[in-house]
Amino acid sequence: MSSTAAAAPSDGDAKLQCFLQWLQANGADLRGCTIRACGRKGFGVYATAADAGAADGVVMAVPLDLAVTPMRVLQDPLVGARCRALFEEGGVDDRLLVMLFLMAERLRPSSLWKPYLDVLPSTFGSSVWFSDEELAEVEGTTLHRATVMQRESLQKLFDDKVKGLVEELLHVDESGSSIEVRFEDFLWANSIFWTRALNIPLPHSYVFPGSLDEQQNRTGEALGASSLTNQQETDITTKNCSGEEIPESCNTESIWVEGLVPGIDFCNHNVKALATWEVDSVGNLTGIPASMYLMLVQAGKSSVETGTEIYINYGNKGNEELLYLYGFVVDNNPDDYLMVHYPVEALRQLQSADVKMKLIEMQKAELRCLLPTSLLDRGFFGTSTSSSEDDNKKNASHFSSYSWSGQRKVPSYLHKNLFPQEFLSTLRTIAMQEHELEQVASLLGEVGSSEDGEPSDAEIKSAIWEVCGDHGALGLLVDLLRVKMAELEEGTGTEASDSQLLEKFDSIDAEDSSSATVQNYEATKTRVNRRSCIVYRRGQKQLTRMFLWEAERLWSCPRTSRPRETLLTCTCVGSDTFCNLVLLIY
């Protein structure tokens, strides 16, 4: 899965041929495709015949023995024993284990993986690789904050742990004993993993062969579990490189493990993908037991012409995630999204902050939400007219349960409210004034006197909705979106100015990247990165503007006004009741 960088033009062809020979020598079968350079994207997979995959759709098959997985690292004859000890001691997880291995093997002159590592990108267009000037192009965005945090996190991890461990692995043999390990090596390995790793459903018998001793089995079981639970912690929501979520549980037939599959990982992304990948456990389809194969989506239709690039789909990803991980964006991306959050620091400064934070936790509410572009279709300014009566009834039933007394009616704007209720529950709680908090306490006090004692999340939502309605929450949402727009424009100008910049970029006849020289490569890369930043930030401003329109329209609806006291079933709002609320939730 290539990024925007490629191997040096001077020796790229020789390295590629060496890699293709290495693939075939190790049992890979490129039966209807090849790998070749494709400009700024690095390398790609291309059909080699008009009838590629016509029989069964398979154009490439790669033995899983070639996959760089945690198990493969632990079984490596050179560094496997030390890596196994590190893993069992808890010093590294399965993902870091693969990154350490990639770093050591790339730096080791005599590495058996050299033909593969030589054709991998050496730099990336993802935001963590940006220069300070390039990063300034996304100032004020979630991407900017996440990138700065990730750089600091990676640098600390390298200084505290990674540098010493890789040096130790290099000293296993004398060929790498004098090599300097730099932070850029770790940055490279981290990017390689996150741009190319797949979630591979390995056959159970492959992960736990009968010949392995009990110690290896225990290690393998730990790997299988940790692959499912560990996640890269950032402010950007990510999925795996295949675009599929990791299953919550594994059956006895396969175990999901993250790893790199040489050959197949050179497929680039396109929403209209021509191919997908699968695992052939016994070799019935490919003739290669325990292999991964690349299969055309339209097998048997002979619709792929010679020289056509064979894409796969990385999944439904917004430009924020694409630029953060892969280093490219999609113009007018239908999967773009906007992240809105209420800062924890601001919440802690509110009056009764501890009580409100506890109420948010008990409601299972969230301090942030993702607003995908598709939500706008069902809003006040959307184009969708497919809102069915069944959907409206479902929403009404959901909302009517929020009314404590039944006196607060279902809002007339409900079918147009596109904002997630989990986030609105948070905003309702934050926006409560002190007297409203006391009224909520009074209602919940009735629950507290029952046998169950502690109110449920539904009861808390119902009490808050009865007292507050949506006016305060929607007003707070409008404020959050206005602040977000101000931050975006303060950092990089207006949406209109971004559109003008893109017009200038696209009016320039850029030199064909396939004929790029070493001298102009850096200039071309900078230009591509800057354009990607502008596309991304303009999309964020567009979404902020449109969601702000929706929030302002909701806020102006008559039934979002604050309720009168007569709507409440209980008027006991004294300080004693508020104390009872504190006792209830703690």
Side-chain angles (χ1 to χ4, degrees), residues 340-342 347 350 352-371 375 390-477 554 557 559-560 562-573 577-586:
V340 182
H341 76 286
Y342 192 92
L347 177 56
L350 296 177
S352 304
D354 291 342
V355 174
K356 290 184 177 182
M357 290 175 72
K358 188 64 177 180
L359 285 172
I360 291 170
E361 179 184 342
M362 294 176 70
Q363 292 176 84
K364 302 180 177 64
E366 300 172 355
L367 285 172
R368 68 176 185 174
C369 70
L370 294 180
L371 302 174
L375 283 179
D390 290 340
D391 288 339
N392 289 336
K393 288 181 178 179
K394 179 180 178 183
N395 289 334
S397 174
H398 168 74
F399 229 90
S400 63
S401 66
Y402 276 18
S403 180
W404 188 276
S405 65
Q407 295 184 51
R408 180 176 287 282
K409 304 302 182 183
V410 174
S412 60
Y413 57 80
L414 177 59
H415 65 292
K416 292 295 185 181
N417 185 356
L418 50 80
F419 296 98
Q421 286 302 317
E422 294 80 3
F423 189 58
L424 287 180
S425 293
T426 294
L427 298 185
R428 291 187 194 106
T429 305
I430 294 173
M432 278 194 294
Q433 299 178 10
E434 286 302 298
H435 74 277
E436 291 172 328
L437 197 57
E438 291 173 346
Q439 292 168 359
V440 169
S442 176
L443 295 179
L444 294 179
E446 300 172 7
V447 180
S449 61
S450 66
E451 294 181 0
D452 294 337
E454 185 174 292
S456 67
D457 60 320
E459 288 166 335
I460 296 173
K461 290 177 182 177
S462 177
I464 295 175
W465 164 249
E466 177 81 14
V467 172
C468 304
D470 271 342
H471 183 81
L474 291 173
L476 187 53
L477 178 60
L554 283 171
C557 288
R559 288 205 177 182
T560 64
R562 287 192 177 276
R564 293 172 297 181
E565 293 288 335
T566 53
L567 282 178
L568 302 176
T569 60
C570 179
T571 58
C572 179
V573 294
T577 307
F578 177 74
C579 293
N580 289 337
L581 173 61
V582 176
L583 292 175
L584 275 172
I585 66 177
Y586 285 100

* **Side-chain touch Met362/Glu459, heavy atoms, less than 4.5 angstrom** => no

* For Thr429, enumerate each residue passing the side chain to side chain donor-acceptor pair (under 3.5 Å) test, keeping only those at least two apart in sequence or located in another chain. => Gln363

* To do: Please answer whether the main-chain N or O of Ala365 pairs with a side-chain N or O of Lys461 as donor and acceptor at a distance below 3.5 Å.
  => no

* Using a 4.5 Å cut-off on heavy atoms from C-beta on, say whether the side chain of Leu437 contacts that of Leu359. => yes

* Val440 versus Ala463, closest heavy-atom pair with distance -> CG2-O, 4.0 Å

* To do: For the residue pair Leu347 and Leu367, establish whether any side-chain heavy-atom pair is separated by less than 4.5 Å.
  => yes

* Would you say Gln439 and His435 make side-chain contact, with heavy atoms under 4.5 Å? -> yes

* **Residue pair Phe419 / Leu554, side-chain heavy-atom distance below 4.5 Å** => yes

* Structure fact -> In this structure, CG of Leu427 is separated from CD1 of Ile360 (nearest 0.5 Å) by 8.5 Å

* Heavy-atom side-chain contact between Leu476 and Tyr342 under 4.5 Å -> yes

* Asked: Can you tell me how far the SG atom of Cys369 sits from the CG atom of Leu477, to the nearest 0.5 Å?
  -> 7.5 Å

* State which residues pass side-chain contact (heavy atoms from CB on, under 4.5 Å) with Glu422; sequence neighbours excluded, sorted by chain then number. => Glu366, Pro420

* Which heavy atom in Gly469 sits nearest to a heavy atom in Arg428, and how many Å separate them? -> O-CD, 3.6 Å

* **Ser425 (side chain) donor-acceptor with Gln421 (main chain) under 3.5 angstrom** => yes

* To do: Report the distance from atom CD1 of Ile464 to atom OG1 of Thr426, rounding to the nearest 0.5 Å.
  => 9.5 Å

* To do: Using a 4.5 Å cut-off on heavy atoms from C-beta on, say whether the side chain of Leu474 contacts that of Leu424.
  => yes

